[in-house]
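Please read the structure below before turning to the comments.
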Amino acid sequence: MIKEKIEYLEQTKAAIRTAIQNKGVAVQDNDTFRSYAEKIGQITGPSATQTLPEQTILIANAKYSPNGIELVWADVGAAGYKIVRKSGAIGTGVEPPQNSADGEAVYTGVATTYTDTSVSVGNRYYYRIFPYNSAGQFQALEGQSIAQVDYRDRSGQTTVGDLGLGDTIKFGEFNGSLFTWKVVDTLDKGKGYITVAADQNLGNQQFDAPENASGNPNPVTNRKSQGNNRWLYSNVRQLLNASGEKNTWWVAQHEYDVKPGYASSLPGFLTDFTEFEKGIIVTKTNRCVLDAADGGGSETMQDKIWLPSSYAMGLEISLRPFEDDHPYEAFTDNASRQYQSNWWLRTINGTTSASVVRVVISSGALVSNTASSGYIAVRPFCLIPTSAFIAWSDSDNAYYFADDSQRNPAS
């Protein structure tokens, strides 16, 4: 009980300290609660003509310039702007400034642009901006804007937008193996991303387990024994988009859902991706035709990692054009679709077979199988942004994300 009270007092003191600092009053490490009370008395609340300014958005130019790091922000009618910086070597765990007194004040003034020339190549910098009123008072901490910059000479680096069809980029790790991805579509560069397909797969796994849950069997007969062909609720969709160790990532998606066997033997696919990798993957809105058992029609959902539709693979062009914007450039015939094994798509087989899913076999042809089949591979697809910096690795004959210092040997 005493320990909990001490922890509560420390948390309270830290909160008061931050509030006082954000009002422009200095605080010392050895200040007591009595000192805080005196300092609070020094603070003058904003009058009708001294309201607190709105927060602005701080943007850093990510491209390297030997002249320094350029910062820009929108004018929100503040009396002025204060920018605080913290830094550390790339790869270290430096944290952004917590308040206006945490870090080095590199700018105070009325302009809406600033170039920080006191920077060194090879460092990571965090900047936080504090618009203030005529009394020198800031908004509360929650609204403050942060910009992060890895400041490095990018000679020899390029961007994802410069990649072409068939180029490879290596990122992500699953069960101890780094994944190599091949560019399979560049037609969306104008929208800011390209499509990549993994060379590896997650092994042969069920699309969805039989849904004959104990005491609550699925009323759709085929799904009781053969699983669910609906991508939205499939076990494999959850596997591909999950971060979590074995036995932790699976959560029932509906009342008839049943835990697949691989939930106990495999981690979620994104578990060992770095935070940079998970953050940089572009979220895709996927469209799927529905079976009559689900009311027919179609539905949409958002995924980081997904399986392509038959239409995207250059198959069923006249039947399923709804499921993707266009067929992917790389897949024009069976030869171009050939792969190391048979693998799942997300497209259902017709609209009256609630447990059957489309499959591309190793020869590149299209077939179908029941969702509960455990003999078909899971091959991930995803979108990556054209703006991301990449560097070439001779040892792997592939590109890496240049900013992912946690794992990238080219950083």
Side-chain angles (χ1 to χ4, degrees), residues 22 52-133 137-155 157-162 189-194 274-283 383-391 401-406 411:
N22 284 344
L52 295 175
E54 295 180 1
Q55 183 54 33
T56 187
I57 297 175
L58 183 64
I59 299 174
N61 188 344
K63 291 189 176 181
Y64 170 78
S65 167
N67 299 323
I69 297 172
E70 180 185 359
L71 303 168
V72 296
W73 59 94
D75 186 3
V76 292
Y81 303 90
K82 179 179 181 180
I83 296 177
V84 178
R85 182 190 73 195
K86 291 183 77 174
S87 64
I90 292 174
T92 61
V94 60
E95 297 293 334
Q98 298 302 304
N99 53 59
S100 61
D102 181 22
E104 180 182 0
V106 294
Y107 175 79
T108 302
V110 299
T112 56
T113 182
Y114 167 70
T115 299
D116 186 3
T117 59
S118 58
V119 291
S120 300
V121 173
N123 275 1
R124 173 176 293 158
Y125 294 94
Y126 287 97
Y127 297 90
R128 202 161 199 157
I129 190 168
F130 298 83
Y132 57 84
N133 63 14
Q137 298 166 329
F138 307 109
Q139 281 281 10
L141 179 67
E142 289 77 12
Q144 287 148 13
S145 176
I146 301 172
Q148 173 190 326
V149 180
D150 284 348
Y151 188 61
R152 66 184 78 182
D153 186 348
R154 296 189 179 278
S155 301
Q157 294 183 6
T158 185
T159 64
V160 168
D162 294 322
K189 282 187 177 181
K191 298 177 182 178
Y193 54 81
I194 62 173
T274 68
E275 290 304 312
F276 179 89
E277 290 166 339
K278 286 188 282 190
I280 205 168
I281 295 172
V282 177
T283 299
L383 306 178
I384 54 176
T386 56
S387 59
F389 282 100
I390 51 177
F401 286 126
D403 284 326
D404 191 5
S405 57
Q406 180 179 339
S411 62

Return the [atom1] to [atom2] distance between [X] and [Y], rounded to the nearest 0.5 Å.
| X | Y | atom1 | atom2 | answer |
| --- | --- | --- | --- | --- |
| Phe276 | Asp403 | CZ | CG | 5.0 Å |
| Ile281 | Ile384 | CD1 | CD1 | 8.5 Å |
| Thr113 | Ile59 | OG1 | CD1 | 11.0 Å |
| Ile194 | Asp162 | CD1 | CG | 10.0 Å |
| Ile129 | Ile146 | CD1 | CD1 | 12.0 Å |
| Thr386 | Lys191 | OG1 | NZ | 12.5 Å |

Compare every heavy atom of [Y] with every heavy atom of [X], then report the nearest pair and how far apart it is.
| X | Y | answer |
| --- | --- | --- |
| Glu275 | Gln406 | N-OE1, 4.1 Å |
| Pro53 | Asn133 | CD-N, 3.8 Å |
| Tyr132 | Lys82 | CE2-N, 3.8 Å |
| Phe401 | Glu277 | CD1-CG, 4.5 Å |
| Ser387 | Thr159 | O-CG2, 4.1 Å |
| Val160 | Pro385 | CB-O, 3.1 Å |

Checking ring-ring contact (aromatic ring centres under 6.0 Å, His included) between Tyr107 and each of Phe130, Tyr114, Tyr127, which is the one that passes?
Tyr114
Can you tell me if [X] uses its side chain to pair, donor with acceptor, with the backbone of [Y] under 3.5 Å?
| X | Y | value |
| --- | --- | --- |
| Trp73 | Ala111 | yes |
| Thr56 | Ala74 | yes |
| Tyr125 | Ser120 | yes |

Any chance you could lay out the side chain to side chain contact (heavy atoms under 4.5 Å, CB included) test for Ile390 and Gln157, step after step, and finish with the verdict?
CA-CA 6 Å; Ile390 51 177; Gln157 294 183 6; over 6 Å; no
Criterion side chain to side chain contact (heavy atoms under 4.5 Å, CB included) on Asp116 and Arg85, from CA distance to verdict:
CA-CA 10 Å; Asp116 186 3; Arg85 182 190 73 195; 2.6 Å; yes
Report, as yes or no, whether the 6.0 Å neighbourhood of atom CD on Gln148 holds more than 12 heavy atoms from other residues, nucleotides or ligands.
yes
Could you check whether [Y] and [X], counting side-chain N and O atoms only, form a donor-acceptor pair closer than 3.5 Å?
| X | Y | result |
| --- | --- | --- |
| Gln98 | Asp102 | no |
| Asn123 | Ser87 | no |
| Ser100 | Arg128 | no |

My understanding is that only one of Thr108, Thr112, Asp75 makes a side chain to side chain donor-acceptor pair (under 3.5 Å) with Tyr81; could you say which?
Asp75
Are any non-hydrogen side-chain atoms of Pro131 and Glu54 less than 4.5 angstrom apart?
no
